[in-house]
Amino acid sequence: MQPEAIELIPQPLRIEPLDDEPFVLGPRLVVLVGDSPDEVSVGVLAADLLGRLTHRAVEVRGHGGAVRGEDVLVLRVTPDAAVPAHESTPAPDRAATTAQSYRLEAGPGRAQVSAPTTAGLLAGFLTFQQLLRPGPDGYLRARAVQVEDVPRYRWRGLSLDLARSFFPPDEIKVVISLMAHYKLNMLHLHLTDDQAWRLETPSRPRLVDEAAVGAVTGGRGGHLTIADLRDLTSYAWARGVTLVPEIDLPGHVNAALRAYPELNPSGEAPPRHAGLEVGFSRLTAALPATQGFVEDVLNDVARLTAGPYVHLGGDEVLTMEGAEYTELIAAAAKVVQEAGKTVVGWQEVAGVPLAPGAVVQLWDTRPDLQAVREAVESGARLLMSPGARVYLDMKYDASTELGLEWAGHIELRDAYDWEPSALVEGVAADAVIGVEAAVWSETLHDLDSLLRMLLPRLAAVAEVAWTVPEHRSWEGFRARVARQPVFWDRAGFAWHRSPQVDWTL
Ligand code: ACM
């Protein structure tokens, strides 16, 4: 049997169908897990997800708690389970990807996932979940199989624009679940822009009081409270997803300029912006209010978020000379570093000296990328988000109802068929920290519109980020993705019926 016939996305490192009976999720299904709090949390999540699929409560017990005749799913954290990083994984990330590895074995009466960490355990459980199919007796089953798996890249992300149009927490949770299903592990939230400010920021309350209602014309206003952010952080964490907050500076700041007029040279608040133009708004280094504002908001965001990264934007500042831009980005980066976080910025920040380990997010491959090459020479890592491949708000083709077209049309194969380490000439493969899709909300004002742009392309990007090059092929992906609507339809997700796939439904 071809491994493709098992239809996992992303395709694992090694998968071996076994000549044995399947693991059947019968009425006596239990989950066995170790007793550390992190393991219990994976066990509870696994039992909850399986309970939803089987319409029965699934019990979680400690190892050794099984009874004869039960169908047992064992979840085990053990250093022995580590799968060594693949040679295509950048050298600086091999320990991190090994930590996310897992082994899975399923057969009659028993399935086991083992991993060196709970992150790997969760990834392995999610693979197990993808194996489930209804059997002739009505019970779900996983075919007998052995899997050994490790991601290629440590950073497998999605950037979600909350600023042009807001997605409330319940919808962000749907996106997080979808990410987890495809083993994406970094959710970048674009929280601020010209149209609105979307995060309660305690030191600067007028940001949400004045600027959370804004949106593009037809879009939704709203913001995340601190309680919302905490809740999303733990929801995401339980699913192996880390939040990366973005405060976009020193451009894309019209909402902030409205809330705090002293950030404007005129001292007057600009009008609300509900259009699609970019690049016109900016902070001003020479104003006395600017430094305090940057310190306050970045310190708040660093304090309010649990993950190790803060994204400070830096893109598309079209009305500023290089020296002032450098001064503002360097000042912002210093605040982020002093708060103990690692700086992430869009590729425009590459010309500014940053601490080694800073992450530069490449989005536009059209301009000269010499500054990006130089940033890498100075120790920056590159996060690959090429607009023409992974900006999932681009239309699929000319007939796509919603979406933009400035980076071209992106059909499924365009999102799949590219190699992250070959994107920037003259940059070593070891510089690439990972791959991140992005979806901007200028035209996407509800969850269905968002999901229809994400699916099926998010599955393609997830495989680019996870699967090692020798196991990646468009024909293989095309065959496997054809069955994914089983999952999307069950979950009620809108999706695009790409003509490049022979959908089996
Ligand atoms: C961007 O698309 N301006 C990062």
Side-chain angles (χ1 to χ4, degrees), residues 155 157-165 186-198 216 219 244-256 273 275-283 309-320 325 328-329 332-333 343-352 354 358-369 371-372 375 380-395 402-410 414-415 418 420 423-424 433-444 450 453-454 457-458 461:
W155 186 312
L158 171 66
S159 171
L160 176 63
D161 178 10
L162 299 185
R164 276 48 178 269
S165 183
M186 305 296 276
L187 175 59
H188 165 179
L189 295 175
H190 183 73
L191 292 165
T192 70
D193 214 300
D194 290 318
Q195 293 81 358
W197 190 278
R198 300 293 187 210
V216 291
V244 181
E246 181 189 348
I247 301 297
D248 201 352
L249 304 167
H252 290 273
V253 289
N254 194 67
H273 180 62
L276 303 191
E277 311 79 56
V278 297
F280 58 89
S281 65
R282 44 123 74 213
L283 294 175
Y309 299 99
V310 171
H311 199 307
L312 45 75
D315 58 324
E316 296 180 309
V317 197
L318 306 182
T319 61
M320 195 181 284
Y325 179 81
L328 286 165
I329 290 291
V343 170
V344 188
W346 294 110
Q347 76 193 59
E348 288 91 331
V349 306
V352 179
L354 296 171
V359 177
V360 172
Q361 186 167 12
L362 191 86
W363 64 277
D364 189 352
T365 51
R366 295 168 300 183
D368 174 36
L369 297 176
V372 170
R381 304 298 306 282
L382 281 187
L383 179 58
M384 296 308 195
S385 301
R389 299 289 186 175
V390 303
Y391 266 31
L392 303 187
D393 57 309
M394 293 301 120
K395 291 176 184 287
L402 299 173
L404 302 179
E405 301 183 285
W406 66 263
H409 295 155
I410 304 181
D414 303 308
W418 62 284
L423 204 60
V424 185
I433 195 168
V435 172
E436 186 169 284
V439 62
W440 304 90
S441 58
E442 286 95 338
T443 63
L444 309 176
L450 176 67
M453 298 309 262
L454 293 181
R457 293 182 293 192
L458 190 66
V461 182

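Ligands are counted one by one from 1 in listed order, and the atoms in each one are counted from 1 as well. We number each residue from 1, following the sequence as shown.
- A salt bridge links Arg164 with Glu442: the distance from a Lys NZ or Arg NE/NH1/NH2 to an Asp or Glu carboxylate oxygen falls below 4.0 Å.
- In terms of polar-atom proximity, Trp440 is not counted as a contact of ligand 1, lacking any N or O under 3.5 Å from an N or O of the ligand.
- A centroid separation of 6.0 Å or more is found between the aromatic rings of Tyr309 and His188.
- Considering both main-chain and side-chain atoms, Trp363 never comes within under 3.5 Å of ligand 1 through any nitrogen or oxygen pair.
- What sits closest to atom 2 (O) of ligand 1 on the protein, heavy atoms only, is Tyr391 OH, 2.7 Å.
- Nearest to atom 3 (N) of ligand 1 among the protein's heavy atoms is Asp315 OD2, 2.7 Å.
- No hydrogens or angles considered: nothing links the side chains of Glu316 and Trp346 as a donor-acceptor pair under 3.5 Å.
- When only modelled atom types and interatomic distance are considered, Ser385 and Glu436 share no side-chain donor-acceptor pair under 3.5 Å.
- Each of Asp193, Thr192, Leu189, Leu162 was checked for a side-chain contact (heavy atoms from CB on, under 4.5 Å) with Arg198, and the lone residue meeting it is Leu162.
- Short contacts between ligand 1 and Glu316, defined as distances under 4.0 Å to a heavy atom of the residue, involve ligand atoms 3 (N).
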